[in-house]
Amino acid sequence: MARSSLPGRLPRGPFSPDFWRSPLRGTWFTSVLGVVLLAGITILFVTGLVSYAAYNPDLSPVNDRTPGKGILGFYLFSWPTDPPWLYRLTQGVHVTLGLGLVPVLLAKLWSVVPKLFTLPPARSVTHALERISLLLLVGGALFQFVTGILNIQLDYVFPGSFYPLHFYGAWVFFGAFLAHVALKAPAAFRNLRGMRRGEGEEPDQELAAARPGPPTVSRRGALGLVGGGSLLLVATSAGRSFDGPLRHTAVLSPHGGSEPGSGPGAFQVNKTAEYAGIRPDDTTEEAWRLTVTGRTGTVRLSRADLLAMDQHDAALPIACVEGWSTSDQAWRGVRLRDLAALVGHDDPADVYVESLQSRGTWRHAALSAGQVADARSLLALSVNGADLTPDHGHPARVIVPAAPGVLNTKWVARLTFGEL
């Protein structure tokens, strides 16, 4: 059956039915890829929302990177501290699954690209809605995956902050995704059921080639190639979120491979002291003081003062938005709730944390009262039996169970307790 075209002239190039000749395209191939993406993208969206909630953006403006989010923030809740590996799991799944879905997404876009060039542009209201959802879906998917991959690689070359770009982009993309699923899912599942029963697939003149060329690979072979590409990406990136041999296979990750050096402080860091503009003269025993402010006033503490207080231990990982994490490290220091009590907060309160860091988005952060109350939340002075290294936050850093890495502020200079 010939496809419709504009009256009075023969379409050329991609608008011509004869331009798309691959025999692989068809409803079955597209349906299989669509079902995989339906499950995968739903998980990506949920883990993305969970990741955003982990920042407690309603707690303080410094934590909220998407001002004016309005109703889009309906899902936000106070982030828990148990289990302590929660953010490590959710963000590791988000990033690793996102990378693994790249071949599936590209194959899906390839399979439906003829739909973008069909003429006339809209044959009915339903067809017009499908075309609009497809355009938003393709654009949104490319935007989300490209910005996400650049963020994983620490390449912040896109305009503006990653957080609002990815946040609002996710809502646009997922809205188009839901609309597209509502329009196409019934036919996709019907085709898969029909193929299993040997009934064949429903023809789709916008997908199947009008004059297919000779096949070079079967559809099952093409799906195997896509699946193999996904497994390869998972195998070469998942190790950033795990311990043991898998970390050595994470060759596509800036935080893959072996640990950077040896000794107690030889575990991954995101930003070094030099990058953050930390001057060694500001962190000496003589120069550095921690300012703690609360209900009863302000106290200033040296490192020796902090070491004279009760010291506590906590085995906690570090996990970052880029999807990398460390195993549990043995932190030792003063409980945040003890520092709160020092300035009149017998019941733990929210805390606003400020760093010596002279530049960077997260030199300030806020933690909730629930995070402060946890006995494992520390102002850490040492790790793995040795003083913190400059790159790990010497002379003192925050470490909180289940919190994103950027909320575990390094080079802490001031703690202000109170309702935020």
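Reckoned from all heavy atoms, side chains included, excluding hydrogens, waters and symmetry mates.
Across every non-hydrogen atom of Gly344 and Thr296, the tightest pair is N-OG1, 3.5 Å.
The CD1 atom of Ile399 sits 9.0 Å away from atom OG of Ser377, with the distance rounded to the nearest 0.5 Å. Between atom CG of residue Leu367 and atom CG of residue Leu59 there is a gap of 8.0 Å, rounded to the nearest 0.5 Å. Separating the OG1 atom in Thr147 from the CG atom in Leu165 is a distance of 7.0 Å, to the nearest 0.5 Å. Note that CG of Leu378 and CZ of Arg335 are 8.0 Å apart. Values are rounded to the nearest 0.5 Å.
In this structure, the ring of Phe173 has its center no less than 6.0 angstrom from the ring center of Phe143. Checked against a 6.0 Å centroid threshold, the rings of Trp79 and Tyr52 do not count as neighbours.
Between Trp362 and Tyr55, the ring planes are tilted. Angles from 30° to 60° get that label. Between His94 and His166, the ring planes are perpendicular. Angles over 60° get that label, and only those under 30° would be called parallel.
With Trp110 as the aromatic partner, Arg25 meets the cation-pi criteria of under 6.0 angstrom to the ring centre and within 45 degrees of the ring axis.
Of the N and O atoms on the side chains of Thr30 and Ser111, at least one donor lies less than 3.5 Å from an acceptor on the other residue.
Phe29 places a side-chain heavy atom less than 4.5 Å from the side chain of Leu223.
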